[in-house]
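A, B, ... follow the sequence lines: proteins, then strands. Residue 1 opens every chain.
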There are 2 protein chains.
Amino acid sequence: MTQQGTRQGPGLASQRTAPPTRRFASVVRAGSRVTPERARSHNRALVLQELYRSEGLSRADLARAVGLTRVTISDLVADLIADGLVIELGLRSDVRPGKPATLLDINRTGFAVVALDLSYDNLFRGVVTDLDGTVQHRDQTDVTGVTGDDAVAAVAALLDRLVARAAAPVLGVGVGSPGIVDDAGTVLSAPNLGWADVPLQALLAERTDLPVVVANDANAAALAERTFGGGQEDAVLIRVGRGVGSGLVIGGLLVRGAHSAAGELGHVVVGTDGGDVCACGKSGCLETWLAIPRLQARLEAAPDAEARRAALAAAGERLGISLAPVVGALNLGEVVLSGPLDLLDGSLLESAAETIRSRTMADAFGGPAVRMTTLGRDIVVLGAAVMVLTGQLGVF
Amino acid sequence: MTQQGTRQGPGLASQRTAPPTRRFASVVRAGSRVTPERARSHNRALVLQELYRSEGLSRADLARAVGLTRVTISDLVADLIADGLVIELGLRSDVRPGKPATLLDINRTGFAVVALDLSYDNLFRGVVTDLDGTVQHRDQTDVTGVTGDDAVAAVAALLDRLVARAAAPVLGVGVGSPGIVDDAGTVLSAPNLGWADVPLQALLAERTDLPVVVANDANAAALAERTFGGGQEDAVLIRVGRGVGSGLVIGGLLVRGAHSAAGELGHVVVGTDGGDVCACGKSGCLETWLAIPRLQARLEAAPDAEARRAALAAAGERLGISLAPVVGALNLGEVVLSGPLDLLDGSLLESAAETIRSRTMADAFGGPAVRMTTLGRDIVVLGAAVMVLTGQLGVF
DNA sequence: GTTCGTTAGTAAAGGTTACTAACAATTAAA
DNA sequence: TTTAATTGTTAGTAACCTTTACTAACGAAC
């Protein structure tokens, strides 16, 4: 063989034998064989997703958007109509040549989702929504001093009442719970509710005979922000309340973590200059700077408005300090805060944003957007509803 | 309808109309319709992946592992054998009833991968490997003072030499480059090489007429650790050299970031007590504590062994401080270091591990494992090879 | 040595899926 | 009126995986 040195062109060695003709672009997760049936339900989910995002599409529109042929789309749509998930809206009234299209939409009020938020102080809240996330009914129950099995019973009772009030078949139940929740919906640890290894998903699924999904409240909130709040594909949601939690969305997918504990940011120590002692035993945890009770105490101790502003700014700075490495390492595009507007939305948020920018590499895009959620107090129940939609319809 | 109140059992409302019979577990990415052909290549990739991980499997073993029938597996294997990707090893010699199995394996030496590492000081390194990542040939080229187009030419020349030396058809080319690299393999920014918006992937693909993948060096290293180094599904790899970079693997997948800049941890400010001025203009960046030149300068300035140990421990502590929020937020199972063993593997690593543990919530699993990589200096080229295997075979 | 049970791999038939090709229906524009 | 464009359906085809049934090969028990 001749010496090629730095000669241009492909090396001869690679041409002695023909390389395999086919290329495999798909990266595959273990145990995920694709049968024709699975492929079909995947394509069904694609159609639903497209309809979910933009109502008023025709079968031909769907074919163009999804990439399947009109014939296949017609077949899939017929299935979906038969299942009651899709409805025909009538003919399109456009002025253009050709046969007028029949517009379709998801049957948005044809099914209901029941969603619960267990993360409030002494209160369980729940809603019934349609497939759009529009709240159709609310309910709540006081759980002051209620823990352990009694708290589980309170969840079940609230859930029963909500399911009874649903005006359409219930697609499933979503629950946002405080604490650490594993993939199977078992609450591994929720100190405030006195829960340890409570198989909430299994308990509620057996009781209601409905699909049930359980996840951490801040994680659910992150999903809600992604789906209903216009959140980016790479974002973190910080939930400030009695404690501090967070949910991370990376590449559009929720991060669960090695031990299902992703988002547990409240007990990470911030800075290198000490800080207050935390309930967890360490000093200077993010919670000691940012949790609402601590923040309110500082505000009450402040002599004047300027001191109050400084206290909020200091809390925001601490948040920024702890988020900067996360934003940098993950190259997040967005940081969203959820919690009391009067405390968070102002100098606290501004200070957090400025701190993050000054401590990370200001890339060509000017650092991440830092903002409040627009979803308000419903963010967790909406996230719980998203989990149901994702699990049952493949929509997200 | 009767009032249900807190009565047990499923609400009647949900039973008025039958819910849709089918459930859709699959969550779907936009634009990813599944045709039968795509399903087939997905299943092919599954078979390859299973063979890749554990050699010496029979068709029947594959059927059990993948979940497809023996018939389908036989058909897929016949395809793979025809393509030269799989070979028969002969009969299994076990002592057990039944017809002896014909063992299969990936044709590990039947194809070659060419991989480059552009992240060294004044040096481009490259290797030819087989499908196992076993290095079969090495080459390198000095690039002291070479930047811009000349550096691109040096890459191309090295690549040509390597391709010419490959003893089997080249499956593809992987490149680990310093700087920020986007999805298309364009190096958006690599100051040390004087590169900005260099379409390296396109340039090399056109020149060699081979599949080319380009990614950031630390990101590639993270993939190598995951595939060849026994890395966990949720881990971060820290690469310490002239600068400090990192690569994150979440749920087994590499994180790319909102602007393809995931892993840029070197210029995140650490702590709240100032620090040295960095080349980027800020003070107290992780690089000012951890980059090898800075570390060596501190060691030379140290009067005795104890002071040198303290300097290393201080650097490790800074690493731990900046990683703690990342480990906490993502619930990482593992932190892996890559770089000079004599500096990193000792009090620096121990100090980093201890700092991370003391600053995050010590969960029931005792915090993340913190260790050195076992892949040594080849980690980036191996990661580049993994990218090729992933892209061309769906193996990872 | 024969029979039985087990395992590996192949062959044929069948059902599902999505595709191409062709066509009817409908409307705007020439 | 004719032409072009668009929608949605029907009919037929190719690809895929499955079920069922088969042969081959082996160990164990009698």
Side-chain angles (χ1 to χ4, degrees), chain A residues 21-22 24 26 28 31-47 51 56-82 86-104, chain B residues 21-22 24 26 28 31-47 50-51 56-82 86-105:
Chain A
T21 50
R22 285 215 226 170
F24 313 97
S26 64
V28 158
S32 62
R33 76 188 192 280
V34 174
T35 60
E37 188 187 350
R38 272 193 66 118
R40 174 88 165 179
S41 79
H42 179 100
N43 288 336
R44 271 173 68 120
L46 270 182
V47 169
L51 283 171
L57 295 175
S58 69
R59 291 170 175 83
D61 293 333
L62 283 171
R64 283 184 288 266
V66 173
L68 294 163
T69 62
R70 293 202 305 274
V71 179
T72 303
I73 292 292
S74 282
D75 201 40
L76 288 167
V77 167
D79 263 20
L80 292 168
I81 289 178
V86 168
I87 51 175
E88 293 193 337
L89 295 177
L91 295 183
R92 176 184 277 151
S93 58
D94 272 21
V95 180
R96 56 168 152 169
K99 173 178 170 179
T102 308
L103 298 182
L104 304 168
Chain B
T21 49
R22 285 214 226 171
F24 314 97
S26 64
V28 158
S32 62
R33 75 187 192 282
V34 174
T35 59
E37 190 186 350
R38 274 193 63 120
R40 175 84 164 183
S41 80
H42 179 102
N43 288 336
R44 273 173 66 119
L46 270 182
V47 169
E50 208 63 44
L51 283 171
L57 294 176
S58 68
R59 292 169 175 83
D61 293 333
L62 284 170
R64 283 185 287 266
V66 173
L68 294 162
T69 61
R70 294 201 306 273
V71 178
T72 303
I73 291 293
S74 282
D75 199 41
L76 288 167
V77 167
D79 263 19
L80 293 168
I81 289 177
V86 168
I87 50 174
E88 292 192 336
L89 295 177
L91 296 183
R92 177 183 276 152
S93 57
D94 272 19
V95 180
R96 56 169 155 170
K99 174 179 170 178
T102 309
L103 298 183
L104 304 168
D105 196 10

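Near-neighbour residues of DNA chain C inside residues 71-78 of chain A, defined by a heavy atom below 4.0 Å, number-ordered: A:Val71, A:Thr72.
For the pair A:Arg33 CZ and D:dC16 P, the computed distance is 17 Å after rounding to whole Å. At whole-Å resolution of the value, CZ in B:Arg59 and P in D:dA24 are 17 Å apart. In this entry the distance linking CD of B:Glu88 with P of C:dG9 reads 8 Å, nearest Å. As a whole-Å value, the separation of A:Arg40 CZ from D:dC17 P is 17 Å. A:Asp61 has its CG atom 12 Å from the C1' atom of D:dG8, to the nearest Å. Taking atom CG of A:Leu104 as the reference point, atom C1' of D:dT7 lies 12 Å away to the nearest angstrom. A:Leu62 has its CG atom 14 Å from the P atom of C:dA18, to the nearest Å. Rounded to whole Å, atom P of C:dT26 lies 17 Å from atom CZ of A:Arg92.
Atom-to-atom distance recorded for B:Asp105:CG and B:Glu88:CD is 12.0 Å, nearest 0.5 angstrom. With values rounded to the nearest 0.5 angstrom, B:Asn43 atom CG is found 9.0 Å from A:Arg33 atom CZ. Here the OG-CD1 distance, from A:Ser58 to A:Ile73, works out to 10.0 Å after rounding to the nearest 0.5 Å. Going from atom CG of A:Leu103 over to atom CG of A:Leu91 covers 7.5 Å, rounded to the nearest 0.5 Å. For the atom pair CG of B:Leu89 and CG of B:Leu104, the computed distance is 7.0 Å after rounding to the nearest 0.5 Å. Atom CG of A:Asp75 is separated from atom CZ of A:Arg40 by 4.5 Å, given to the nearest 0.5 angstrom.
Annotation: of the two residues near DNA chain C, A:Leu91 and A:Leu68, the 5′-most nearest-nucleotide partner is A:Leu68.
At the phosphate of D:dC17, OP1 or OP2 sits under 4.0 Å from a side-chain N or O atom of B:Asn43. Contact check, B:Thr35 against D:dA15: no side-chain N or O comes under 4.0 Å of OP1 or OP2.
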Taking only distance into account, with no hydrogens and no angle test, what donor-acceptor pairs under 3.5 Å do side-chain atoms of residues 62-70 of chain B form with protein atoms, sequence neighbours excluded?
residue: B:Arg64; atom: NH2; partner: B:Asp61; partner atom: OD1; Å: 2.7
residue: B:Thr69; atom: OG1; partner: B:Thr72; partner atom: N; Å: 3.3
residue: B:Thr69; atom: OG1; partner: B:Thr72; partner atom: OG1; Å: 3.1

Is there any protein nitrogen or oxygen under 3.5 Å from a nitrogen or oxygen in nucleotides 2-6 of chain D, and what are the pairs?
residue: D:dA5; atom: N3; partner: A:Gly98; partner atom: N; Å: 3.4
residue: D:dT6; atom: O2; partner: A:Lys99; partner atom: N; Å: 2.7

Would you tabulate the pairs of protein nitrogen or oxygen atoms and nucleotide nitrogen or oxygen atoms of nucleotides 1-3 of chain C closer than 3.5 angstrom?
none

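Listed nucleotides C:dG9, C:dC19, C:dT17 differ in distance to A:Pro36; the shortest reach to its side chain belongs to C:dT17. For A:Ser58, whose side chain is taken as the heavy atoms from C-beta onward, the closest listed nucleotide among C:dT20, D:dT18, D:dG8 is D:dG8.
Judged by distance alone, with hydrogens and angles left aside, B:Arg70 brings a side-chain donor or acceptor within reach of the base of C:dG9, the pair sitting under 3.5 Å.
For B:Ser74, the side-chain contact (heavy atoms from CB on, under 4.5 Å) partners at least two apart in sequence or on another chain are B:Arg59.
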